[in-house]
Amino acid sequence: KQSLDKGLEKTKTNFFTKLTKAVAGKSKVDEAVLDNLEEILVASDVGVATTLKIITRIEKRVAADKYLGVEELNGILQEEIAALLSESNTGDATEFVVPIATKPYVLMVVGVNGVGKTTTIGKLAYQFKKAGYNVVLGAADTFRAAAIDQLQIWADRVGVPIVRQEMGSDPASVAFDTLQSAVAQQADVVIIDTAGRLHNKINLMNELSKVKRVMQKVVAAAPHDVLLVLDGSTGQNAFEQAKQFTAATEVTALAVTKLDGTAKGGVVIGISDQFQIPVKYIGVGEGIEDLQVFNKYEFVDSFFK
Ligand code: GDP
């Protein structure tokens, strides 16, 4: 929670300063306050559609209560945003727990280069290992040599096995080998890195579906989750990437990184709502410990406190 507060400091300061200004000298939440709030939410990258949903929710509260004091606005915002996030099934977990009973749990990770995909995989491997799980990594981003090497560095750092082949080899083949190796050693968790190219959508789509198909020869239900990693500091780009990846493959979970580097952490709320996909993890720094299980209550608490 402490690192979450620190990670969201810029967002909070930005939001708070503006909100304080918006309600200065006011006693009740009126139309002018709501107009300002709308602007502030949009400026925090919540997105227009989600902002309007939030404002509508607040308006209903104002209408129901007849009078809403500005000092209540913060608490009500927290409640309504948490309620909204429930609709995208964004949860209230706090621990790194594998969501299925059978092993191995197969997590396929997608996202464009530079968003923090490798770092997130490394941090996840660390957390799952710390929680007592046996983890295996698969370097199926075979498009760039650096991607394989970077993942190797994380595997060594965390102390988990990695399955890799040469650069340029078939990603599906790497994924297949990884799952076979994981099954043979009765691993609990498999995390598969995949290539992050978006410029050729058909290729990406074909590649991801081939990786899935081939993995299913080893583990019928694989992948149990497809985690899309998005850079939270890129605002509208993150929305655009979510749009493209959800069109290319079935994304079941989101990780939003680099929230420590932005004043616009509201992107987490907007993306989860707009795509109706749960945010599972957030990145709040470059260190190995700086990945958190996303908890909407803790998040809104940090955001508005
Ligand atoms: P990839 O190309 O998507 O695999 O990206 P990398 O994992 O190599 O990360 C790109 C850069 O972003 C690296 O310098 C990471 O240290 C940095 N990074 C990743 N996640 C976070 C985060 O949550 N906060 C900050 N501040 N930096 C991050």
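In this text the structure is predicted, and so the values were computed from the model without any measurement. Start at 1 with the first residue, then count along the sequence. When a ligand or atom number is given, it counts from 1 through the structure's own listing order.
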What about Leu259: any of its N or O atoms under 3.5 Å from an N or O on ligand 1?
no
Distance under 4.0 Å to a non-hydrogen atom of Gly283: what atoms of ligand 1 satisfy this?
23 (O)
Do Gln244 and Leu204 have side chains that approach each other closer than 4.5 Å (heavy atoms only, starting at C-beta)?
no
Mark the output for Gly261 as yes if a heavy-atom distance to ligand 1 is under 4.0 Å, and as no if none is.
no
Restricting to heavy atoms, the pick from Asp260, Val256, Leu291 nearest atom 25 (C) of ligand 1 would be Asp260
Note: heavy atom closest to atom 13 (C) of ligand 1, options Glu286, Lys123, Arg144, belongs to Glu286
Taking the ring centre of each residue, are Phe96 and Tyr281 less than 6.0 Å apart?
yes
Does Ile282 have a heavy atom less than 4.0 Å from any atom of ligand 1?
no
Does Thr11 use its side chain to pair, donor to acceptor, with the backbone of Thr262 at less than 3.5 Å?
yes
For Lys117, counting its heavy atoms only, list the atoms of ligand 1 lying under 4.0 Å from any of them.
1 (P), 3 (O), 4 (O), 5 (O), 7 (O)
Between Lys243 and Phe275, is any pair of side-chain heavy atoms under 4.5 Å apart?
yes
Evaluate the ring planes of Tyr133 and Phe128, with Trp represented by its six-membered ring, and classify them as parallel (under 30°), tilted (30 to 60°) or perpendicular (over 60°).
perpendicular
Heavy-atom contacts with Val112 under 4.0 Å: which atoms of ligand 1 show up? List them by number with element.
3 (O)
Do any heavy atoms of Gly114 fall under 4.0 Å from ligand 1?
yes
Identify the closest protein heavy atom to atom 18 (N) of ligand 1: which residue and atom is it, and at what distance?
Lys258 CE, 3.9 Å
Could you find the nearest protein heavy atom to atom 6 (P) of ligand 1 and give me its residue, atom name and distance?
Thr119 OG1, 3.5 Å
Could you verify whether a donor N or O on one side chain and an acceptor N or O on the other, from Glu207 and Thr194, lie under 3.5 Å apart?
no
Please determine, by modelled atom types, if Gln185 and Asn134 share a side-chain donor-acceptor pair under 3.5 angstrom.
no
Assess, by modelled atom type and distance only, whether the side chains of Ser173 and Gln165 contain a donor and an acceptor separated by less than 3.5 Å.
yes
Record the part of Thr120 in heavy-atom contact with ligand 1 below 4.0 Å; permitted values are side chain, backbone, both and neither.
neither
Ignoring hydrogens and geometry, is there a side-chain-to-backbone donor-acceptor pair from Lys296 to Thr90 under 3.5 Å?
yes
heavy-atom search around atom 22 (C) of ligand 1 in the protein gives Gly285 O, 3.1 Å
Considering only non-hydrogen protein atoms, determine which one is nearest to atom 5 (O) of ligand 1 and report residue, atom name and distance to 0.1 Å.
Gly116 N, 3.1 Å
Among side-chain atoms of Thr249 and Lys212, is any donor-acceptor pair under 3.5 angstrom?
yes
Select one of side chain, backbone, both or neither to describe which atoms of Val284 lie under 4.0 Å from any atom of ligand 1, heavy atoms only.
backbone
Of all the non-hydrogen atoms in the protein, which one sits nearest to atom 4 (O) of ligand 1, and at what distance?
Thr118 OG1, 2.5 Å
